[in-house]
Number of protein chains: 4
Amino acid sequence: MHRGNRHGRSEQARLAVLHAADDLLVENGFARLTVEGIAQRAGVAKQTIYRWWPSKTDILFEAFVTDAAEEITPPDTGDLTRDLITYLGALARFLTASDAGAVFRALTAESQHDPALAARLRQEHWTGQRVRDRQLLQRAVERGDLPAMADLDTIVDRLVGPLYYRALVTGQEITTEFVTELVRATIDAK
Amino acid sequence: MHRGNRHGRSEQARLAVLHAADDLLVENGFARLTVEGIAQRAGVAKQTIYRWWPSKTDILFEAFVTDAAEEITPPDTGDLTRDLITYLGALARFLTASDAGAVFRALTAESQHDPALAARLRQEHWTGQRVRDRQLLQRAVERGDLPAMADLDTIVDRLVGPLYYRALVTGQEITTEFVTELVRATIDAK
Amino acid sequence: MHRGNRHGRSEQARLAVLHAADDLLVENGFARLTVEGIAQRAGVAKQTIYRWWPSKTDILFEAFVTDAAEEITPPDTGDLTRDLITYLGALARFLTASDAGAVFRALTAESQHDPALAARLRQEHWTGQRVRDRQLLQRAVERGDLPAMADLDTIVDRLVGPLYYRALVTGQEITTEFVTELVRATIDAK
Amino acid sequence: MHRGNRHGRSEQARLAVLHAADDLLVENGFARLTVEGIAQRAGVAKQTIYRWWPSKTDILFEAFVTDAAEEITPPDTGDLTRDLITYLGALARFLTASDAGAVFRALTAESQHDPALAARLRQEHWTGQRVRDRQLLQRAVERGDLPAMADLDTIVDRLVGPLYYRALVTGQEITTEFVTELVRATIDAK
DNA sequence: TTATAAGCGAGACGGTACGTCACGTCTTCAT
DNA sequence: ATGAAGACGTGACGTACCGTCTCGCTTATAA
């Protein structure tokens, strides 16, 4: 329960802040998310927040990293097409319908205005996420389901790119048909 | 510079505001863009801004719509592959390296936090943009360069989605090879 | 109602702040007097206070100068002893029992910690007050009730000094007998 | 430096706090005197201060009582006029030019805002100080240098009052001539 | 000669108020 | 009627200290 400093930081306060930030984001949206509001909701002093987090996006970041990243880990059943359809469906649901996805969207949006946040997202999220995304294809290559010379990075982008695009950029709906056709056209036709 | 009169709104003030907003966004980023700053830079009263624009994103929106949308109109030379590569290259440059693209990124980011802005972007930008994007493929269908039963909407998403994804979401570089491979895999292999 | 700047400062807000500061000082004491409290009581924005007054002592100062200084102007009936007893009695009451006196005590106390305030009190209060105090004696000299060579400044200090001393320093009571004896010993015995 | 034990408080810490408070008051003034600052300067934990002193004025009070009160004990050579002039000169120096006097002025100022401190000053300082001040006159009465019926309390106030008034209230200079004239007029003319 | 407990340095905590920034509204005056 | 100027009420910012609260270390007795 204690660490680092002599007797250290309150884990209770830390978790209260993360949950309060999460809740308030989902309830009111990022525009109305204030450090004072988080402090009040968490029953914590504002100074305690500023002591440990440089800004409110850092709070969201920690909340995101803590409990959200594994929501979008691809499955591995050995059936590439089925795995992809499952995964992209879960990804669509994460991006458009989950609380963790709301945090992700807010962070991605803010990273357009904040290069430091953008860098942190790249280093602490995308590095790992791209590895996880590739693995699905890598295993298919190893099984012989995909040609060995395929540029896996580009294939990953061709699979997930259209989903992020619809969810974050144009706001179009992501239907089952769209996902199915996307996977079929990208993989099967190869 | 005083232009108060009884014959309607000052075009001079309008343009000064749009350019000031544009410049300040590019110079300082969205986070430091304030209505007061725009007013000062434009040599205009704050009230004049609030009289004509509900919020600072509306200023950016007008600046974007006014002089930016045509930057990303697809060409039409009759050679589908070449046109697509040209277009996607221009799109990548727009998204990552142009002033108008900076405004677009800021608006897209804010639209994550602001449903009204999201709706306005859909109605006043994406509706037209998707039509323009489809036309390129539609003409290819008419020429017989693409099969008639193709789901053009999905193909559009498969072409531009990965670009927006890299530019706005992961921040990865968009190389010529990436664009070429993307077009080849999406169109030629069909 | 308007002055200086183009259309200017709100007299209503100014008075509300002065009265709120006065009231809160008397009710709660200086230690609990906060700018936020004054703003709330006055129904005024904190920024409005900071726009016009550098600190809360400046508010009190303005309240003091505005409506308090003339409470301690010496009378002039031609009877020196009687005038002095009347005046010193009023002064004692001002110092120990009046709202204006509470403001004066607070300002004098703060001036011990704040050289700028001390200088302002000297220039804007004591300069005039000492002139008023001397006039009483000066007129007595002119009437021949006091010897012409008397050092009036020192006599003023010998008369009012013990009162301020008791009221502000030791907190002793100031009785009628004390005042009478003080005047008798200082003036009559001369 | 650790001095924890089971037999009471650390004299070292106590003195470090008193000296730190004294020094910081003289260096920065009362307004910038904080418990945290004292703790840091003294190399002592904040809690150690709060364990032994209810507030920062109590620290100053202890510093004042410890090493300052005897600076203003009247002399006794048998020559009343000379003793008074000596004493009032020392008092003036104490009030306007000594470090102990700075502490005294700060405490007196704060006592305007803090009735508990005012009461403590009366009981622990003024009670004794007034006795010491009277004694000078009392001995003169016993020697026959002053009439037996004189109201010694009032005479004390008439002698020291004008000095405190100038030093603490109006900020006027206290010259040798002023002191001499004050004593002459109060004592000799009697 | 060991254990025990008081005093200590350290510093995190919930708070209050600070002084600043920008918001969006308003009123005035000049054009 | 419009625009430039700018004061206003509002609300959040990030900081400074407040006074309280553990924590783990040091040390002088008392078992």
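Residue numbers start from 1 in every chain, and the chains themselves are labelled A, B, ... in the order their sequence lines are given, proteins ahead of strands.
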Are there more than 12 heavy atoms of other residues, nucleotides or ligands under 6.0 Å from atom CZ of D:Arg51?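 It does: D:Arg51 CZ has more than 12 such atoms within range.
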B:Glu124, CD: over 12 other non-hydrogen atoms inside 6.0 angstrom: yes
Sorted by number, the residues of residues 15-24 of chain C with heavy-atom contact under 4.0 Å to DNA chain E: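 None, since no heavy atom is under 4.0 Å.
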How does protein contact run along nucleotides 15-20 of chain F, one letter per nucleotide 5' to 3', with B for base contact, S for sugar-phosphate only, - for none, heavy atoms under 4.0 Å? BBBBBB
Assert: residue with more 5' nearest nucleotide on DNA chain E, out of A:Ala45 and D:Ala13, is D:Ala13
Does a nitrogen or oxygen in the side chain of [X] sit under 4.0 Å from OP1 or OP2 of [N]?
X: C:Ser10; N: F:dA7; result: no
X: D:Arg9; N: E:dA6; result: no
X: C:Trp52; N: F:dA7; result: no
X: A:Arg51; N: E:dC13; result: yes
X: B:Thr48; N: F:dA4; result: yes

Would you please indicate yes or no on a ring centroid separation below 6.0 angstrom for D:His125 and D:Phe61? no
Across the strands shown, which category fits D:Trp53 at heavy-atom distances under 4.0 angstrom: base, sugar-phosphate, nothing? nothing
Starting at [atom1] of [X] and ending at [atom2] of [N], how long is that distance when rounded to a whole Å?
X: B:Glu11; N: F:dG3; atom1: CD; atom2: P; answer: 11 Å
X: C:Ile49; N: E:dC18; atom1: CD1; atom2: P; answer: 9 Å
X: A:Gln40; N: F:dA12; atom1: CD; atom2: C1'; answer: 13 Å
X: C:Gln12; N: E:dC26; atom1: CD; atom2: P; answer: 16 Å
X: B:Asn28; N: E:dC21; atom1: CG; atom2: C1'; answer: 15 Å

Are B:Leu18 and B:Ile59 packed together at the side-chain level, in the sense that at least one heavy-atom pair is separated by less than 4.5 angstrom? yes
Residues in side chain to side chain donor-acceptor pair (under 3.5 Å) contact with A:Glu27, at least two apart in sequence or another chain: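 A:Glu27: side chain to side chain donor-acceptor pair (under 3.5 Å) contacts with A:Arg41.
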C:Asp58 and C:Ser55: side-chain donor and acceptor closer than 3.5 Å? yes
Give the ring-plane orientation class for A:Phe30 versus B:His113, where under 30° counts as parallel, over 60° as perpendicular and anything between as tilted. parallel
Nearest non-hydrogen partners of A:Leu117 and A:Leu107, listed with the distance: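 Closest heavy-atom pair between A:Leu117 and A:Leu107: CD2-O, 3.6 Å.
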Can you see which heavy atom on A:Ile49 is nearest to which on A:Val17, and at what distance? CG1-CG2, 4.0 Å
